[in-house]
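Residue numbering restarts at 1 for every chain, and letters A, B, ... go by the order of the sequence lines. No experiment lies behind these values; they were computed from the predicted model shown. Note that these values count all heavy atoms, side chains included, but never hydrogens, waters or copies made by symmetry.
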There are 2 protein chains.
Amino acid sequence: MTTPNNSDNLSSEFPVPEVVIQRLPLYVRVLTQYSSAGEEVISSEQLGSRLQMTPAQIRKDLSYFGRFGKQGRGYDVAMLERQLREILGLDRTWNAAVVGMGRLGRAVVSYPGFAPSGFNISAAFDTSHDIVGKTISGLHVQSISQLTESVKELDIKIGIVTVPIDHAQEVIDAMVLAGIKSILNYAPLSPQVPEGVTMRGIDPVLSLQSMTYYLR
Amino acid sequence: MTTPNNSDNLSSEFPVPEVVIQRLPLYVRVLTQYSSAGEEVISSEQLGSRLQMTPAQIRKDLSYFGRFGKQGRGYDVAMLERQLREILGLDRTWNAAVVGMGRLGRAVVSYPGFAPSGFNISAAFDTSHDIVGKTISGLHVQSISQLTESVKELDIKIGIVTVPIDHAQEVIDAMVLAGIKSILNYAPLSPQVPEGVTMRGIDPVLSLQSMTYYLR
DNA sequence: TGTGCTTTGTATCACACTGTATAAATAATC
DNA sequence: GATTATTTATACAGTGTGATACAAAGCACA
């Protein structure tokens, strides 16, 4: 009764708001920092000030998934981090495929930030005959026609789109057809995806374009 | 009376929700596509289906800034694009400074997507003595101590942070001190910034970490 | 063991955002 | 020119998200 380790108390009973899910990785990140700083306990107050949000917000977010804290004390850093990682599915590694091996794709596959976070780029694809067959950062570049096959063989769950804008939608369609349910899109467009497929866009220009509003 | 060209009808009277501002660049993007496809008129219905949102949402968003459409007809593509660009401050070019000239910084300054959108990277900085003084993609890399001076001289309004995580906060502080009000941050942390400074984060790992929740 | 202090978890409230519905305005057609 | 189609702008309602407030629970220390 005192150990609140039933991580899926409520999480599967009703849907957790998307915004909450997007905040959880932020909590994990701060917890990791705290942990490596040798702290054993953290309060919602401390978490909140670090992330510039109210303590109540954090407590409410966490309460969607269970009761992780101790009143009068706070949250056990290691325990909470472990719980959140499990909730997010970060207690394992995930395989990803990159499609588009131009300048951007090369930057992505050689970015050293993915692997330590448990994201493994295990296949690379392109359409151009000039690039297919080459080896880039240790990855043998395959034709996009091999996508479905590789997704199955290599247990790829995540697609990363780094093709030019005019091929992006068809690549995304191909990924969906291949059974990929999570897509990270670097192309500057708003793609159409069916229900059940999660998309995230990486779009620095879009970010800049909304900031200039506050500059005038 | 029939020409609703008073672009700041309401916009300055009360604050426009942040989410609305972030959607405006999406509208601009679709309008540009429509324009180059030769279309002269677009309805909120068409815009909405392209962006997977309801027509009413779009009409409401636009109504924060004025009345741009004609009932029974829709929106004049060229006119609406021009209006939205003006609202967002995209009817001019903006100068940006990149701090951090490692792998990521080099990728950013050589990314060909900024200039066509009116974002001009006009200065590059680093702390390392190995890099300061070099010329990368036509930019002479300066010491970070030159930041404030360059910001004034070159009319730099935007800062782009591409340093490793352990230097990111101090770089951001330096930018704020130099008078920069808009910061695009590529470092994987949630930085502390004072009121009045707008921050956007580019963080693919964070995006991946929230997608895996839906994969389990 | 009891008292005071801290912090959580949640009930309640307030507000912001989204979707529905409709009147007004325009265009098209006969 | 009258009638019908269309589409905007907006009033209204509903939903969802964030902040406030407080009771319950644990800790510390005498």
query: Over how many whole Å does the gap from Q71(B) atom CD to dT8(D) atom C1' extend?
result: 4 Å
task: Measure from NZ or CZ of R23(A) to the centre of the six-membered ring of Y27(A) and say whether it is under 6.0 Å with the direction within 45° of the ring axis.
output: no
query: How far apart are the closest heavy atoms of R29(A) and L189(B), and which atoms are they?
result: NH1-N, 3.6 Å
- line: I58(B) CD1 to dT18(C) C1', in whole Å, measures 13 Å
message: Please give me the minimum heavy-atom distance between Q52(A) and P191(B), naming the atom from each residue.
response: OE1-O, 4.0 Å
field: Atom-pair distance (CZ on F65(A); C1' on dT10(C)), nearest Å
entry: 16 Å
field: D61(A) with R59(A): basic N within carboxylate O range, under 4.0 Å
entry: no
message: Please tell me if R67(A) has a side-chain N or O lying less than 4.0 Å from either OP1 or OP2 of dA25(D).
response: no
- prompt: Looking only at side-chain N and O atoms, does Y75(A) come under 4.0 Å of OP1 or OP2 in dG9(C)?
  reply: yes
Within 45° cone and under 6.0 Å: R216(B) NZ/CZ vs Y214(B) ring: no
message: Measure CD1/I21(B) against P/dA16(C) and give the value in whole Å, please.
response: 15 Å
- prompt: Just how large is the angle between the end axes of the helix from dT1(C)-dA30(D) to dA25(C)-dT6(D), five pairs per end, to 10 degrees?
  reply: 10°
task: Measure the distance from CG on L80(A) to C1' on dT8(C) and round it to the nearest whole Å.
output: 13 Å
query: Do you know the tightest heavy-atom contact between P194(A) and V176(A)?
result: CG-CG1, 3.7 Å
field: Separation of dG26(D) P from K70(A) NZ (nearest whole Å)
entry: 8 Å
- request: For dA14(C), measure the glycosidic angle (O4'-C1'-N9-C4 for a purine, O4'-C1'-N1-C2 for a pyrimidine) and name it syn if it falls within 90° of 0, otherwise anti.
  value: anti
- request: Determine the minimum heavy-atom distance between P25(B) and L206(A), stating which atoms define it.
  value: CB-CD1, 3.7 Å
field: Letter per nucleotide, 5' to 3', of nucleotides 15-21 of chain D [B base touched, S only sugar-phosphate touched, - untouched; heavy atoms, 4.0 Å]
entry: --SBBBB
message: How many whole angstroms separate atom CZ of R73(B) from atom C1' of dA9(D)?
response: 18 Å
field: For S122(A) against L154(A), the heavy-atom pair lying closest together
entry: O-CD1, 3.7 Å
task: Inspect the contact between R200(B) and E18(B) and indicate whether a charged nitrogen and a carboxylate oxygen are less than 4.0 angstrom apart.
output: yes
message: So N185(A) and T162(A), do their side chains get closer than 4.5 Å, heavy atoms only?
response: no
query: So, are E86(B) and R82(B) salt-bridged, with charged N and O less than 4.0 Å apart?
result: no
message: Using a 4.0 Å cut-off on heavy atoms, which residues in residues 27-52 of chain B reach DNA chain C? List them by number, or say none.
response: none
